[in-house]
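Encoded as structure tokens, the structure appears first; notes follow it.
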Amino acid sequence: MPVPDPSDDPLSRERAHLTHSRAALRSMREDVESLDIRDVTANWVNAEVLSRQIEERVKALADLSHTPLFFGRLDYLHSPGADQAEGAEGERFYIGRRHVHDADGDPMVIDWRAPVSQPFYRASKKNPLDIALRRRFGYTGGDLTAYEDEHLSDPADSAGDAATSKLLQQEIERPRVGPMRDIVATIQPEQDEIVRSGLGGSVCVQGGPGTGKTAVGLHRVAYLLYAHRDRLARTGTLVIGPNASFLHYIEQVLPALGELEVKQATVDDLVAHVEVRGTDEAPAAVVKGDARMAEVLRRAVRSHVTMPVEPVMVVRGSRRWRVPAYELEVIVRELLDRDIRYGAAREALPQRIAHAVLVQMERSGEAPDDRVQDAVARNTAVKAAVKSLWPPVEPAKLVLRLLSDADFLATHAEGLLTEDEQKTILWARPVRSVKSAKWAAADAVLIDEATDLVHRTHSLGHVVLDEAQDLSPMQYRAVGRRCTTGSATVLGDLAQGTTPWATRSWEEALTHLGKGDAVVEELTAGFRVPTDVITYASRLLPHIAPGLTPVASVRENPGFFEVRPATADSGDTAATMATEVVAACEELLRNEGSVGLIAADARVPLLAEALAAAGLPHLGPGEETTLTTRLTLVPASLAKGLEYDYVVLDEPRAVVDGEPDERTGLRRLYVSLTRAVSGLIVTHAAPLPPQLAEGAGVL
């Protein structure tokens, strides 16, 4: 029997291309590693910079064995950019996470961000974009195991719609073990539009659970770095998340796409001017986070400026030059009217006074130059006048005084804050120093605002702000200061706002951010949460975010969903429920993938003891799962932004009751219900919240 020719097998040919592409990538990496920079740099500083750049390039060219080098192929009808004359031969491109070329410089894999790759995400039967064939590849680990073709330009092929792609569905529904992964193989047309939107404009993405808004934001950063690398290399990029656990969960996405320089931080990290050791009651935090506090701080800063009552006498050699008080007042008022930052005005004041002296010198027949003006500006009398008229302001001390001095606060909050609001934010006891103060998180944001009033905050080229719905107006301002000359991608879901100051509308939030002209996009197609789970959770929407469009799951697999009331009627309800929760976890751990046990914060210690007693090892939020430990115990307050293949949700009523008000509690419950990718078990002994009843009306 003749041996079959591998060249006749399409899968063998694609595997061969994968092998050759990996070899080409290895050669690219070896070429970089072999670079000799000893004789190409002028000094050791340049050598150090170049060496670091080479190290980063080597890292970016790493071949991740379990990550497909390419995931798709495009066969064009004609060569892109060429005249589409009859008979013109098209080209074939393999689409992957990074560009790979052979020894002759010919591309073997095209970066997914390149313009020629765009039809992989946008082409359809209705608009094929000059694509004859789109091929998707299936992988097991790093091995190419399958392919699927869509003949977009063939009217006889009725299977050209990406929504029917089995490989696409398999990739979407693949178990989530470990940190968040990229979605370059599954980006949908509406997501791709957002990803490839320009650097000059800001975008706000409203998206329900599982719509991929976080992934869209991260891939948008990767795209912008590709399209505007030189500019963003100078100005910088930043991803802002709600907490350290969330940042740990997403931290591998951009490196997997070859982007290693994007910094990540929380809002608390940005405003860490003081050590936060205290907490605020919700009413105080709400007032401190209100945008009116910005004007209170502006007034307090400017209150340090005083009008002159005495002239300035400058002695130079045998001559004395007098700047009268009325002329000094004109200078001071002009600087105030310009409304520039306090520190910049303070630096300009001695030069303005010196200029007034130089005018007098010129009138007397002298010819002073810039060196004379600088010398006058440094004159002892001028420096003393500046210190008196425009004294230095320390932001932390200013905020300390506002929060501990009732009269000082009342003076600058007049007409802005009511007396009750002022009492709410005043500290009960006087504080002697900045170091001894028990600053709360909202206080640090106020200090950041005051710092910017004194000295301009450095602006980045692009900022991604995730889970934005939970920010206060003052926190939005803190983020906005980091991108005043750049753009922003804002990601969030109004239905998942769980802070007392949660965002009421994106228009209002974007105004506080300083990006009122941002385009608001809504994602409503769900790719992560199974149909039955999101349908159940959406019963809460009329109560927590009326007007929002419910997420419609596009997954073919409806997922596993079950509500389990307590089966025992013994007196020890807590012990009974703990036993049933452990049983549900054991059941789900028989499946492939990660399991999250989400519970009200107050119930976490009890459940941790029950898991330990049952011999079930578990992790905390943000810790990476392993083959032997796939169960994570998650307080409901930290569940936002995380996802697990299977979730056990313990006592929904306790999740609601753990919040200061019912609406916030229902939003927390909505978040907890929508963390599952493949299945959800809800266990309860207490009655379920009535809003979860089918057809429940709005309260």
Side-chain angles (χ1 to χ4, degrees), residues 45-46 48-57 59-60 98-99 111-115 182 194-205 214-241 247 250-251 253-273 340-341 343-344 445 448-449 451-466 468 471 475-491 509-519 521:
V45 175
N46 291 344
E48 184 70 22
V49 171
L50 185 56
S51 177
R52 195 174 306 127
Q53 290 174 342
I54 290 174
E55 288 177 7
E56 294 300 323
R57 178 62 176 160
K59 290 179 183 178
R98 58 173 60 82
H99 175 85
D111 195 301
W112 66 276
R113 298 167 287 187
D182 66 72
I194 299 171
V195 167
R196 296 178 190 265
S197 54
L199 178 61
S202 295
V203 180
C204 174
V205 183
T214 296
V216 165
L218 294 174
H219 287 69
R220 175 160 159 72
V221 171
Y223 171 77
L224 292 175
L225 285 167
Y226 175 88
H228 308 278
R229 188 167 301 280
D230 289 343
R231 177 176 172 184
L232 290 178
R234 294 192 306 270
T235 56
T237 53
L238 175 67
V239 174
I240 302 174
L247 293 177
I250 68 171
E251 68 183 356
V253 174
L254 288 169
L257 299 173
E259 301 300 343
L260 307 172
E261 296 299 317
V262 180
K263 292 181 171 57
Q264 296 183 348
T266 65
V267 174
D268 290 342
D269 294 333
L270 298 182
V271 300
H273 303 285
I340 59 177
R341 281 173 171 75
V445 180
D448 190 70
E449 179 84 25
T451 300
D452 186 70
L453 288 167
V454 177
H455 301 291
R456 182 183 297 276
T457 302
H458 172 68
S459 175
L460 299 166
H462 192 77
V463 169
V464 174
L465 174 61
D466 206 352
L471 267 59
Q475 287 175 316
Y476 277 116
R477 290 176 61 88
V479 174
R481 285 191 283 278
R482 272 75 186 178
C483 55
T484 50
T485 59
S487 55
T489 300
V490 181
L491 313 167
L510 292 168
T511 299
H512 294 311
L513 190 69
K515 304 295 180 185
D517 58 349
V519 176
E521 304 279 1

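Since this is a predicted model, take the numbers as computed values, not measurements.
A side-chain donor-acceptor contact under 3.5 Å links Ser459 to the backbone of Thr484. Side chain of Arg220 to backbone of Ser197: a donor-acceptor contact under 3.5 angstrom is found. Counting only distance, with no hydrogens or angles, the side chain of Arg482 and the backbone of Leu270 share a donor-acceptor pair below 3.5 Å. Proximity of a side-chain donor or acceptor of Tyr223 to a complementary backbone N or O of Ile194 within less than 3.5 Å is not detected. Side-chain atoms of Lys515 come within 3.5 Å of backbone atoms of Cys483 as a donor-acceptor pair (strictly under, hydrogens ignored). Judged by distance alone, the side chain of His228 and the main-chain N or O of Leu224 form no donor-acceptor pair under 3.5 Å.
Remark: Glu259 pairs with Arg113, Ala222, Leu225, Arg229, Leu254 by the side chain to side chain contact (heavy atoms under 4.5 Å, CB included) rule, at least two apart or across chains. Ser51 is linked by a side chain to side chain contact (heavy atoms under 4.5 Å, CB included) to Ile37, Glu55, counting only residues two or more places apart in sequence or in another chain.
The neighbour count for Arg57 CZ, taken as heavy atoms of other residues, nucleotides or ligands under 6.0 Å away, does not exceed 12.
Nearest approach of Arg477 to Glu449, heavy atoms of both residues: NH2-OE2, 2.7 Å. The heavy-atom pair separating Leu471 from Gln475 by the smallest distance is CA-OE1, 3.3 Å. Of all heavy-atom pairs spanning His462 and Ser487, the tightest one is ND1-OG, 2.7 Å. Between Val203 and Val205 the shortest heavy-atom distance is CG1-CG2, 4.0 Å. For the pair Gly461 and Leu199, the tightest heavy-atom approach, listed with the atom from each and the gap, is O-CD1, 4.1 Å. Taking both residues in full, the closest heavy atoms of Val271 and Ala478 are given as CG1-CB, 4.0 Å, listed atom of the first, atom of the second, then distance.
Evaluated for a side chain to side chain contact (heavy atoms under 4.5 Å, CB included) with Val464, the options Val216, Val490, Ile240, Val239 yield exactly one hit, Val239.
The OG1 atom of Thr485 lies 8.5 Å from the CZ atom of Arg456; values are rounded to the nearest 0.5 Å. The distance from the SG atom of Cys204 to the CG atom of Leu513 is 9.0 Å, given to the nearest 0.5 Å. Distance check, rounded to the nearest 0.5 Å: CZ of Arg196 to OH of Tyr226 gives 9.0 Å. With rounding to the nearest 0.5 Å, the separation of CG in Asp452 from CZ in Arg481 is 5.0 Å. From Gln264, atom CD reaches atom CG of Leu238 across 8.5 Å, with rounding to the nearest 0.5 Å. To the nearest 0.5 Å, atoms CG (Leu257) and CZ (Arg98) are separated by 8.5 Å.
The side-chain heavy atoms of Thr489 and Val221, taken from C-beta on, include no pair separated by under 4.5 Å. No side-chain heavy atom of Ile250 sits less than 4.5 Å from a side-chain heavy atom of Asp466.
No donor-acceptor contact under 3.5 angstrom links the side chains of Thr451 and Asp448, judged on distance only.
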